[in-house]
Amino acid sequence: MTAIHTNKYPESYYAATLNQDTSYPKLTEAIETDICIVGGGFSGIASAVELAERGYQVTVLEAFKIGWGASGRNGGQVIRGIGHDLEGFRKTIGQEGIDAINGMGVEATSIVVDRVNKYKINCDLTMGYCDLATKGKHIKALEQDYLALSRSNYPHAVRLLDKNAVQSQVVGSTNFIGGMEDMGSGHLHPLNLCLGEAAVASKLGAQIFEYSPVTKITKGEQVVIETEHGKVTAKQVILAGNAYLGDLEPKLSGKILPAGSYIIATEPLPEELWRQLLPGNHAVCDLKIALDYFRLSADKRLLFGGMCNYSGREPKDIKAALWPKMLKVFPQLAQVKIDYQWGGMIGIGANRLPQIGRLSPNIYYAQAYSGHGVNVTHMAARLLAEAISGQSERIEVFNAVKHMNFPGGKNFRAPLLALGMAYHQMLELF
């Protein structure tokens, strides 16, 4: 398992506001376990919790620190659904499969909320989310979404909002013409959630090792997972490296593209100002292809993100790139200081559907959440735990979808995807 940047947490608002300082050992011996999980982000740690709760002996191997990758750097938005229209998969999974995944998209958020409450994880969980429309076709999409939720007996309050309601109740900006409020979704401090869940898994008996990148996997009835200084012999394995899996498993690496996503955080805002910006303390996203997303932190900074980068080249100055986007929404922030700027890699699949399944009878995987990983990782973890426990019906819905390798190979797949996204962004202008 490979990783980029540094062996410490990258500088970010989240790294600066950790509520616990965890330190797990490096693997330096040969051990045996029921299940070895490769990757210490949300997919791996949530799987460890699910499996430890079921009584399995679990070992987690993380190349650097728990939550070091996208799990500890993302926008912190817990949004209902899997983040993609399922209609294109109808021929493969049918209406029954579409209904099942839609149901799991709702369940995914509940898993996060229930776990935070059950184990009293301190991660600033706040409910309230709003999709924002910038053009007429977005309004139509929100109306369809609202009808679908109404027919499905969605258990949380949902409202369609006109321009005036959005501006007075959700976002103090004239940029948006409508929206849909969802009180079953919300936002949190993702790194503190991941670290809190790791502590839960550890208390339940899971072994967690940091600074233990996997160098080799030997498949068989017993799988041998090697690190530089140790090895694990396991009955079953979960590959949960996502965008940071590298070339450890070629069957998976060609099906995922690491894409950059970036965030800036302001200084703490005075109450009069933050109440102008986000009076209801919602997390929000607009519906553009190159979307913007933003929310308030617990200490009332504006966290503003977007600018998903498919080119493989990171911006020289994240603040300079996101500052104009933020001011377009909130010109009243022109004199506000930016305290933090950071980015990281999320995993993108060619068809945008999360990739959850098995490579062989005892090797499972979960990856490619396409920017919706906070909650979907937790649903993936539950599906993996169910399958390992002998209840494989639900994971088969995802396993039935065949995922193509990105064209162009390692050197050209990112530029080709960047070109395709640029084309769709151009169409959005018309």
Side-chain angles (χ1 to χ4, degrees), residues 43 79-109 131 137-138 140-154 180 239 242-243 249-257 259 287-289 291 308 310 346-361 363-373 375-384 386-387 391-409 413 416-421 423-425 427-428:
S43 297
I79 306 171
R80 163 194 50 81
I82 65 161
H84 189 68
D85 182 11
L86 297 172
E87 192 59 36
F89 305 101
R90 180 175 294 277
K91 290 184 179 180
T92 304
I93 61 176
Q95 185 61 49
E96 185 177 352
I98 290 174
D99 291 343
I101 292 179
N102 281 332
M104 286 185 253
V106 174
E107 183 181 347
T109 302
D131 282 311
K137 70 177 184 178
H138 296 161
K140 293 180 181 178
L142 291 178
E143 289 172 346
Q144 292 173 354
D145 198 16
Y146 177 80
L147 286 174
L149 287 174
S150 299
R151 292 167 181 161
S152 68
N153 297 315
Y154 183 60
M180 187 178 79
L239 299 177
N242 200 19
E249 176 46 70
K251 290 182 179 179
L252 296 179
S253 61
K255 294 177 172 58
I256 190 169
L257 176 71
L287 295 181
K288 301 192 302 290
I289 291 175
L291 60 84
C308 194
Y310 301 91
I346 60 175
I348 304 287
N351 63 13
R352 297 299 196 276
L353 187 73
Q355 300 169 15
I356 309 167
R358 59 169 67 83
L359 289 176
S360 65
I363 298 182
Y364 297 81
Y365 65 90
Q367 62 178 25
Y369 305 107
S370 300
H372 288 260
N375 55 310
V376 182
T377 50
H378 288 75
M379 189 69 243
R382 179 152 296 177
L383 295 179
L384 294 169
E386 287 176 355
Q391 302 170 318
S392 61
E393 295 84 2
R394 297 210 296 176
I395 200 173
E396 291 302 334
V397 179
F398 284 96
N399 203 42
V401 177
K402 304 305 177 187
H403 298 278
M404 63 174 283
N405 284 357
F406 276 98
R413 60 186 181 179
L416 285 173
L417 181 58
L419 183 63
M421 293 303 296
Y423 170 74
H424 286 290
Q425 289 174 33
L427 291 180
E428 192 175 45

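Applying the side-chain hydrogen bond (donor to acceptor under 3.5 Å, both in side chains) rule to Glu87 yields the partners Arg90; only residues at least two apart in sequence or on another chain are considered. Judged as a side-chain hydrogen bond (donor to acceptor under 3.5 Å, both in side chains), and not counting sequence neighbours, Gln391 has no contacts.
The two residues Gly347 and Ala243 have their closest heavy-atom pair at N-CB, 3.8 Å. Residue Leu252 comes nearest to Gln367 through the heavy atom pair O-NE2, 3.3 Å, listed as atom of the first residue, atom of the second, then distance. When all heavy atoms of Ala400 and Thr92 are compared, the closest pair comes out as O-CG2, 3.5 Å. Leu384 and Ile395 get closest at one heavy-atom pair: CD2-CD1, 3.8 Å. Here the closest heavy-atom approach between residue Ala380 and residue Ala366 is recorded as CB-CB, 4.0 Å. Smallest separation of non-hydrogen atoms from Ala259 and Ile348: CB-CG1, 3.7 Å.
Counting heavy atoms from C-beta on, the side chains of Glu396 and Arg358 come closer than 4.5 Å. Using a 4.5 Å heavy-atom cutoff, the side chains of Lys251 and Ile363 are not in contact. Between Phe89 and Ile101 the shortest side-chain heavy-atom distance does not fall below 4.5 Å. For the pair Ile93/Ile98, a side-chain contact is recorded, criterion being any heavy-atom separation below 4.5 Å from C-beta on. Using a 4.5 Å heavy-atom threshold, the side chains of Val397 and Ile356 count as separate.
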Test side chain to side chain contact (heavy atoms under 4.5 Å, CB included) on Met379 and Arg394; report intermediate values, then the result. CA-CA 11 Å; Met379 189 69 243; Arg394 297 210 296 176; 3.3 Å; yes

Tell me, with the steps shown, if Leu353 and Phe398 meet side chain to side chain contact (heavy atoms under 4.5 Å, CB included). CA-CA 8 Å; Leu353 187 73; Phe398 284 96; 4.3 Å; yes

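Proximity of a side-chain donor or acceptor of Asp131 to a complementary backbone N or O of Met180 within less than 3.5 Å is not detected. Distance alone, capped at 3.5 Å, places no donor-acceptor pair between the Gln355 side chain and the His403 backbone. The backbone N or O of Ala368 lies less than 3.5 Å from a partner atom in the side chain of Asn242, making a donor-acceptor pair.
Note: Ser370 OG to Leu257 CG = 9.5 Å, rounded to the nearest 0.5 Å. Interatomic distance, CD of Glu393 versus CG of Leu383, reported as 11.0 Å (0.5 Å rounding). For the atom pair CD1 of Ile82 and CG of Asn375, the computed distance is 10.0 Å after rounding to the nearest 0.5 Å. The NZ atom of Lys255 sits 11.0 Å away from atom CG of Asn351, with the distance rounded to the nearest 0.5 Å. Remark: Leu142 CG to Leu147 CG distance equals 11.0 Å, nearest 0.5 Å.
Other residues, nucleotides and ligands contribute at most 12 non-hydrogen atoms within 6.0 Å of the OH atom of Tyr146. Within 6.0 Å of CD on Gln95 lie more than 12 heavy atoms contributed by other residues, nucleotides or ligands.
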